[in-house]
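Comments concern the structure below.
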Amino acid sequence: QLLSALLTEYRRATPIDFRKMVSGERLCVMDLIELCHTDDGSGSGVLFFNMTDPFDAASPQAGSPALGLLFARKRATIEKADEFYKLLEAAMSGSTFQEIAAKVDRLGAYENSLGRAYVLLKTLIPATGRIAHSRMAGLADHNATASILAIELYERQTGTLPQSLMDVTYERQGTPALLSSAEITDPFSGQPFVYRPGKPFERPGEGKALSKRERRYILYSVAADGVDNGGITPANIGDRQKALTGNSPGYDFDYTLDN
């Protein structure tokens, strides 16, 4: 009953909505653009450099508006920021890592096309290279946790582990499916997480095979390189997250509980 309740409540929780985060960040950036420019009364102005604190517009005597003539005016900066965040919101609408990564690449090209005149905007907008990985890593964590709960509950309901991860998405003699197919999807591959029941799992790392551990099952993501590497994860637990960020190609991300 506890597992069932946990899974029910967990399914009600939704992964981090990056589009809402992007919307909130856009508002903050727009505020800073307003703060860092003078106001000419027509919705524009020049970049205002405050030598004491570049983000403190409360001390105009410390600034030098003349330097702002070298950079884009406020209206042009706002327009470019709007274009950037529309592209970013579109990128967040992707459903797979490959789809989002392709859109983020285009976003990075747009960011690189901004000249020196938009130095303020280039300073404020997020590091586009991390966006796709953060979005997918959060979704992978969410789906993997739901999958583990469903596997454990399935075993308690039937007395055996599911032979395929898809088993938790099927109705059984009037018992509703535990998860939908979308909830067992590894966003880095667009396919269900790699799941293997009832097999010993050898966790090699850094060229060495560590001791075998008998596990009732294994569950892992192919991670950012999109390749099933057999469940190999970095030996150093501090490096495991790098598989999700693309900094450790050749590794997967193991979600299996030590059971």
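The model shown is predicted, which means the values in this text are computed figures rather than measured ones.
One hydrophobic cluster, built from ILVMFWY side chains closer than 4.5 Å, holds both V119 and L70. Hydrophobic clustering, with ILVMFWY side chains joined whenever heavy atoms are under 4.5 angstrom apart, groups L35 together with F71.
Closest non-hydrogen pair, M166 versus I184, comes out as SD-CD1, 3.6 Å. When all heavy atoms of A224 and F188 are compared, the closest pair comes out as CA-CD2, 3.6 Å. When all heavy atoms of L114 and K122 are compared, the closest pair comes out as O-NZ, 3.2 Å. Here the shortest heavy-atom pairing between P187 and L139 reads CB-CD2, 3.8 Å.
For the atom pair OG of S147 and CG of L219, the computed distance is 5.5 Å after rounding to the nearest 0.5 Å. Atoms CG and CG, from L6 and L2 in turn, are 4.5 Å apart once rounded to the nearest 0.5 Å. One distance of note links CG of L153 with CD1 of I148; it measures 13.5 Å at 0.5 Å rounding. The CG atom of L32 sits 11.0 Å away from atom CG of L121, with the distance rounded to the nearest 0.5 Å. Taken from CG in L47 to OG1 in T38, the straight-line distance is 9.0 Å, to the nearest 0.5 Å. Here OG of S4 is found 10.5 Å from CG of L149. Values are rounded to the nearest 0.5 Å.
Here T77 pairs with nothing under the side chain to side chain donor-acceptor pair (under 3.5 Å) rule; sequence neighbours left out. With sequence neighbours excluded, the residues satisfying side chain to side chain donor-acceptor pair (under 3.5 Å) with S180 are E183. Applying the side chain to side chain contact (heavy atoms under 4.5 Å, CB included) criterion to D40, with sequence neighbours excluded, gives S42, S44, R73. With sequence neighbours left out, R116 forms a side chain to side chain contact (heavy atoms under 4.5 Å, CB included) with no residue at all. Residues satisfying the side chain to side chain donor-acceptor pair (under 3.5 Å) criterion with E79, sequence neighbours excluded, are absent altogether. Applying the side chain to side chain donor-acceptor pair (under 3.5 Å) criterion to N143, with sequence neighbours excluded, gives no partner residue. With sequence neighbours excluded, the residues satisfying side chain to side chain contact (heavy atoms under 4.5 Å, CB included) with E83 are K80, Y110. With sequence neighbours left out, A150 forms a side chain to side chain contact (heavy atoms under 4.5 Å, CB included) with L7, V168, L178, L179.
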Test salt bridge (charged side-chain N to carboxylate O under 4.0 Å, His left out) on E89 and K86 and set out the steps. CA-CA 5 Å; E89 288 176 357; K86 285 178 181 178; over 6 Å; no

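Counting only N and O atoms by type, the side chains of E152 and Y217 include a donor and acceptor under 3.5 Å apart.
Residue pairs satisfying the side-chain hydrogen bond (donor to acceptor under 3.5 Å, both in side chains) criterion with at least one member in residues 161-178, sequence neighbours excluded, are listed as follows: Q157-R172. Among residues at least two apart or in separate chains, ring pair (Phe, Tyr, Trp, His ring centres under 6.0 Å) pairs with a member in residues 136-167 are Y10-H142. Here salt bridge (Lys or Arg N to Asp or Glu O under 4.0 Å) pairs that include residues 21-38, with residues two or more places apart or in two chains, are R26-D82, E34-K74.
Between L107 and F84 there is a side-chain heavy-atom pair separated by less than 4.5 Å. At least one side-chain heavy atom of Y195 sits under 4.5 Å from a side-chain heavy atom of I151. Taking 4.5 Å as the limit, some side-chain heavy atom of Y220 sits within range of a side-chain heavy atom of D228. The side-chain heavy atoms of D225 and Y251, taken from C-beta on, include no pair separated by under 4.5 Å.
Judged purely by atom type and a 3.5 angstrom limit, S221 has no side-chain atom pairing as donor or acceptor with the backbone of D186. In this structure, the side chain of D252 engages the main chain of G230 through a donor-acceptor pair within 3.5 Å.
The distance between the ring centers of Y255 and F253 falls below 6.0 angstrom.
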